[in-house]
Amino acid sequence: MKITFLGTGTSQGVPVIGCSCEVCTSLDFRDKRLRTSVHLEVDGKSIVIDTGPDFRQQMLRENIRDVDAVIFTHEHKDHTAGLDDIRPFNFMHKRDMPIFGRQQVLEQIKREFSYIFENHSYPGVPKVQPVEITNQPFIAEGVPVTPIDVLHYKLPVFGFRVQDFTYITDANFISEAEIEKIKGSKVLVLNALRLKDHISHFTFEEAIEMVERIQPEKAYFTHISHQLGCHSKVEKLLPPHIRLAYDGLKIEI
Ligand SMILES: [Zn+2]
Ligand SMILES: [Zn+2]
Ligand SMILES: [Zn+2]
């Protein structure tokens with residue numbers, strides 16, 4: 001399985017519009033973070049988790065020529081706003097895009113992208129095939145996926161485990177039962193927003209503690225704010241088996 005970090009930034013992205021802090025003005029390419037998303041190549045399939053506002057740019061940058069399915073973690077705009085840009089895949093491959101999400105995610109997508117779901121829709125609108133998921137293992141275009149039910153303040157969010165890879169973005173609470181489902185993963189991705197407390201995201205310290213509890217071989221942090229600091233400095237604070245992810249990072253398991 002090959003994993004590509006399409007974006008590793010928090011909801012505003014890094015740099016933040018109008019900000020002149022050390023991170024936002026850094027020349028290090030690892031301090032340029034598009035909105036959080038990953039691409040998985042697994043069993044010959046191409047799967048994207050979340051289509052944030054930078055989806056088009058991410059597909060172009062990574063030269064991704066087909067996507068077999070989109071899986072949504074939750075309904076926040078920084079994870080859904082790019083859905084319209086699946087259209088080239090509809091046109092090229094002449095098929096609807098399966099989109100997997102829990103009921104409330106699919107409902108919100110139907111409200112926010114109502115033009116996609118009209119009976120007599122305008123020619124050229126995205127074509128999607130919504131598939132509702134619950135906290136039970138499911139198959140996405142032939143690929144087995146196990147949801148991990150986490151909390152993002154009070155909002156239920158799904159992380160996903162695919163083989164030995166677990167991806168959790170936008171969370172600050174994982175129950176014991178869900179931690180058990182993650183254990184044994186070789187690679188764990190977790191959100192680590194910043195150093196200071198936050199109402200709905202793990203801080204840097206909380207994310208490190210969670211990695212120590214789950215004990216994956218390797219962990220990567222994502223959904224990073226400019227408030228966390230420069231990539232090169234922050235990474236020095238981490239043990240070798242925990243790294244900050246950055247846009248374009250590729251790993252193989
Ligand atoms: Zn987010
Ligand atoms: Zn800044
Ligand atoms: Zn969110």
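Just so you know, these numbers use all the heavy atoms, side chains as well, and skip hydrogens, waters and symmetry mates. Numbers here are sequence positions counted from 1. In listed order, ligands and their atoms are each counted from 1.
For H226, the N, O or S atom with the smallest separation from the Zn ion (ligand 2) is ND1. In H74, the N, O or S atom that comes nearest to the Zn ion (ligand 3) is NE2. Its N, O or S atom nearest to the Zn ion (ligand 3) is what matters here, and for H76 that atom is ND1. The Zn ion (ligand 1) lies closest to atom OD2 when only the N/O/S atoms of D78 are considered.
Taking backbone and side-chain atoms together, D170 has an N/O/S atom less than 2.8 Å away from the Zn ion (ligand 3). Taking backbone and side-chain atoms together, H79 has no N/O/S atom less than 2.8 Å away from the Zn ion (ligand 3).
With hydrogens and angles ignored, the 3.5 Å screen pairs a side-chain donor or acceptor of R161 with a backbone N or O of K181.
Here E107 does not pair with K110 in a salt bridge; the nearest charged N to carboxylate O distance is not below 4.0 Å. With salt bridges taken as basic N to acidic carboxylate O contacts below 4.0 Å, one links K233 and E22.
Between atom CG of residue D50 and atom NE2 of residue H39 there is a gap of 13.5 Å, rounded to the nearest 0.5 Å. Here the CG atom belonging to L188 is positioned 13.0 Å from the NZ atom belonging to K218, to the nearest 0.5 angstrom.
The SG atom of C21 and the SG atom of C19 subtend an angle of 110° at the Zn ion (ligand 2), given to the nearest 10 degrees.
In this structure, R61 and D247 approach most closely via the heavy-atom pair NH1-CB, 3.7 Å.
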